[in-house]
Number of protein chains: 2
Amino acid sequence: MASKRVTSHDVARRAGVSRATVSLVLNRSDAVALSQETRERVRRAAAELGYRPNSAGRMLASGSTETIGLIISDAAILPIDGFIPQVLHGIGQVNRERGLHVLLEGRDSSSGPNPYEALVDTRRIDGLIVLNPRSDDEPLRALIESEFPVVLVGSIRHPKEHSVNFSSRAGISAATRLLVDLGHRRIGMVAFAAPGFVAADARVSAVRRALQTHGLTMPDDAVDYADFSAESGYHATKRLLQRQPDLTAIFAGNDTIAIGVMSAAAALGRRVPGDLSVIGFDDLPFSAWLNPALTTVHIDAVQQGALAAEMLIRLLAGKPVDARQVRLDCELVERKSCAGAP
Amino acid sequence: MASKRVTSHDVARRAGVSRATVSLVLNRSDAVALSQETRERVRRAAAELGYRPNSAGRMLASGSTETIGLIISDAAILPIDGFIPQVLHGIGQVNRERGLHVLLEGRDSSSGPNPYEALVDTRRIDGLIVLNPRSDDEPLRALIESEFPVVLVGSIRHPKEHSVNFSSRAGISAATRLLVDLGHRRIGMVAFAAPGFVAADARVSAVRRALQTHGLTMPDDAVDYADFSAESGYHATKRLLQRQPDLTAIFAGNDTIAIGVMSAAAALGRRVPGDLSVIGFDDLPFSAWLNPALTTVHIDAVQQGALAAEMLIRLLAGKPVDARQVRLDCELVERKSCAGAP
DNA sequence: TTGTAGGCGTTATCAA
DNA sequence: TTGATAACGCCTACAA
């Protein structure tokens with residue numbers, strides 16, 4: 001029943017000092033000159049009373065919220081794909097270490113009122129991380145141009161953006177080489193999202209370029225589009241293999257899609273990898289334990305989140321950032337879902 | 001470059017009224033008697049200036065933060081298991097509709113300083129949702145007893161707790177009946193977490209009870225323990241099948257674990273479902289597309305999250321709650337991972 | 001080394 | 001129907 005809330009005033013009275021002194025002792029640790037004895041007295045009073053500064057008062061006076069916003073551009077993906085939770089985890093870890101809070105804001109698709117002003121204009125947050133930003137998101141562009149601290153996990157190709165992204169080149173070219181070495185010539189792809197979704201498009205064109213290196217092409221007919229879920233991957237693959245029955249290998253847009261691809265293959269009586277080789281993306285924690293174990297391009301999503309958080313923290317501190325756009329590498333992990341072309 | 005921030009004072013001046021009037025117009029919509037004309041004038045001024053009330057000021061004056069805390073008891077699970085993201089999604093949806101914000105707080109295992117006081121005592125949040133609470137979490141018990149609005153997703157069996165949980169009975173007895181009807185007599189289990197983790201233990205004992213109904217027992221030797229990941233499920237299953245090679249069916253503690261179970265079966269040369277039947281829990285979105293499609297107990301995690309959020313919102317509004325402890329049902333989804341006992 | 005005074009932007013209480 | 005005025009709890013010059 002310690003229901004009466006304790007304010008800095010109470011602490012001050014108990015310690016026999018002024019409120020200002022309390023604030024100094026508790027916030028500016030050793031910066032200012034205060035007698036050890038006063039410090040001790042204040043600390044003890046605070047501890048005895050169980051004093052906890054009211055955050056609203058602190059925000060108002062200091063102008064800092066110690067909170068960052070985290071926007072998931074398409075909240076519906078959260079329960080379906082394993083990627084975002086990993087990024088979340090990375091962001092959470094860093095913020096916890098730094099004592100920052102995270103305000104999580106989902107967005108129901110790209111429609112609906114933009115959530116930025118609700119957080120930024122009301123000064124609820126000091127900085128923002130946007131997951132899977134869409135390049136047609138005008139309010140986001142405006143926010144970036146306003147110099148408000150924003151870090152993207154992904155990219156909208158804005159010259160002033162701060163972002164942490166993946167360069168899929170290395171992983172994709174290794175994957176492509178693997179398939180080509182195994183004798184595959186007719187290679188298709190199931191993108192993890194509809195055309196227009198930057199990250200998905202990027203993977204398709206990266207694969208295309210890599211194939212060209214080997215003198216191979218991937219015609220439009222050899223690409224189909226899923227919509228994040230394994231189920232959508234299943235249906236896309238069925239369409240794809242119906243249209244292009246000669247394909248001997250398929251790039252899945254990510255590992256969740258790969259589950260659907262393998263399921264569709266099974267449904268069509270094609271064995272993986274005997275009749276059809278499959279390569280995933282992301283290397284989710286369970287991918288090594290699928291049947292067959294999935295050969296995939298490993299991406300360290302947790303680290304991506306952590307780096308984004310660290311970059312934002314630098315921005316908040318006004319420290320310089322080495323590079324506005326960070327690109328992480330990825331690498332091929334060979335497992336059991338690829339074999340020689342039939 | 002609208003860098004100068006707009007305060008209610010500016011709006012008041014522009015509309016030719018006082019700050020108090022601005023507040024009334026903007027917050028208490030029609031509650032109070034104000035002339036239509038004044039309303040209109042204030043609204044227009046606010047719109048023209050792009051006025052956004054400062055949240056800290058509002059919190060301080062009103063005492064309400066319009067924010068709820070969300071604690072993930074073991075943050076390390078987030079990137080590994082598909083369950084929490086679904087709950088998150090459900091919570092997020094409801095809060096978005098209601099215009100509430102969500103402060104996400106992870107916790108690094110049950111160690112570390114408890115995060116409750118950091119949120120509650122500093123008045124950063126109006127209410128709290130705790131995911132996967134542990135029953136040995138003393139600070140949490142204290143918080144519940146303090147009458148602070150808390151809703152658990154899961155349970156710590158505290159009489160005063162507000163919680164949303166699952167009654168796995170229906171699903172488990174259906175699953176058990178299925179196995180028994182298929183001729184299985186030696187049935188084992190791989191729990192999704194170590195003993196002591198309430199939710200995992202509950203599933204083990206529920207399975208045990210259901211088997212007893214059919215005159216079967218599941219000795220301790222027929223149970224092994226994983227640790228959330230598919231990988232840990234793989235290893236646990238290997239141990240289990242080594243110890244109890246006669247098992248013809250395995251309950252997996254959840255679908256992620258089931259992936260590991262099936263993988264271990266494959267590694268040991270057992271075919272699923274021909275040589276070994278497997279039943280999962282949760283029915284994650286991808287489970288229908290695994291190879292073989294997983295027979296599992298469906299749990300609507302999104303709804304669980306949504307209900308928890310709605311319950312908390314009622315609590316915040318001071319409205320009565322129908323039941324402090326809500327238990328959702330679950331049901332068996334038959335797919336392809338179970339077959340007649342060999 | 002410490003205290004005083006003012007301000008942060010809102011909301012709430014009264015008078016008018 | 002509206003406007004002063006006082007909280008709300010904290011921080012930070014600046015003065016002592």
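Chain letters run A, B, ... following the sequence lines, proteins first and then strands; every chain starts at 1.
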request  = Applying ring-ring contact (aromatic ring centres under 6.0 Å, His included), run through B:F228 and B:F83 and close with a yes or a no.
outcome  = CA-CA 10 Å; B:F228 296 101; B:F83 193 80; over 10 Å; no
inquiry  = For a side chain to side chain contact (heavy atoms under 4.5 Å, CB included) check, start with the C-alpha distance between B:I68 and B:L312, then their side-chain angles and the critical distance, and finish with the verdict.
reply    = CA-CA 9 Å; B:I68 70 163; B:L312 181 57; 3.8 Å; yes
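Put simply, CG on A:L24 is 14 Å from P on D:dC10, counting in whole angstrom units. Per the geometry, CZ belonging to A:R19 stands 13 Å off P belonging to C:dG6, to the nearest Å. Taking atom CG of A:D10 as the reference point, atom C1' of D:dG9 lies 11 Å away to the nearest angstrom. Put simply, CG on B:L60 is 17 Å from P on D:dA6, counting in whole angstrom units. Following rounding to the nearest Å, B:N54 (CG) and D:dC10 (P) show an atom-to-atom distance of 17 Å. As rounded to whole Å, 13 Å separates atom P of D:dG3 from atom NE2 of B:H9. Protein atom CZ of A:R52 is 16 Å distant from nucleotide atom C1' of D:dC10, rounded to whole Å. One can place CZ of A:R124 at 17 Å from C1' of C:dC8, the figure rounded to the nearest angstrom.
A donor-acceptor contact closer than 3.5 angstrom links the side chains of B:D126 and B:T65. Side chains of B:Q325 and B:S155: no donor on one and acceptor on the other come within 3.5 Å.
Salt bridge A:D137/A:R134: absent, no basic N to carboxylate O contact under 4.0 Å.
Counting any heavy atom pair closer than 4.0 Å across all strands shown, A:V22 reaches no nucleic acid atom. Using a 4.0 Å heavy-atom cutoff across all strands shown, B:S55 reaches no nucleic acid atom at all.
The shortest distance between the side-chain N/O atoms of B:R58 and the OP1/OP2 oxygens of C:dG9 is not below 4.0 Å. Under 4.0 angstrom from either OP1 or OP2 of D:dT2 there lies at least one side-chain N or O belonging to B:T38.
Closest contact between the side chain of A:T21 and the listed nucleotides C:dT2, D:dC10, C:dG9 involves C:dT2. Comparing D:dC8, D:dC10, C:dT11 by their closest approach to the side chain of A:T7 singles out D:dC10. Residue A:S18 places its side chain closer to C:dG3 than to any other of D:dG3, C:dG3, D:dC10. Looking at the side chain of B:S8, the nearest of the listed nucleotides C:dC8, C:dG3, C:dT10 is C:dT10. Residue B:Y51 has its side chain nearest to C:dT10 when only C:dT10, D:dG9, D:dT1 are considered. Set against C:dT4, C:dG9, C:dA12, the side chain of A:A20 has C:dT4 as its closest nucleotide.
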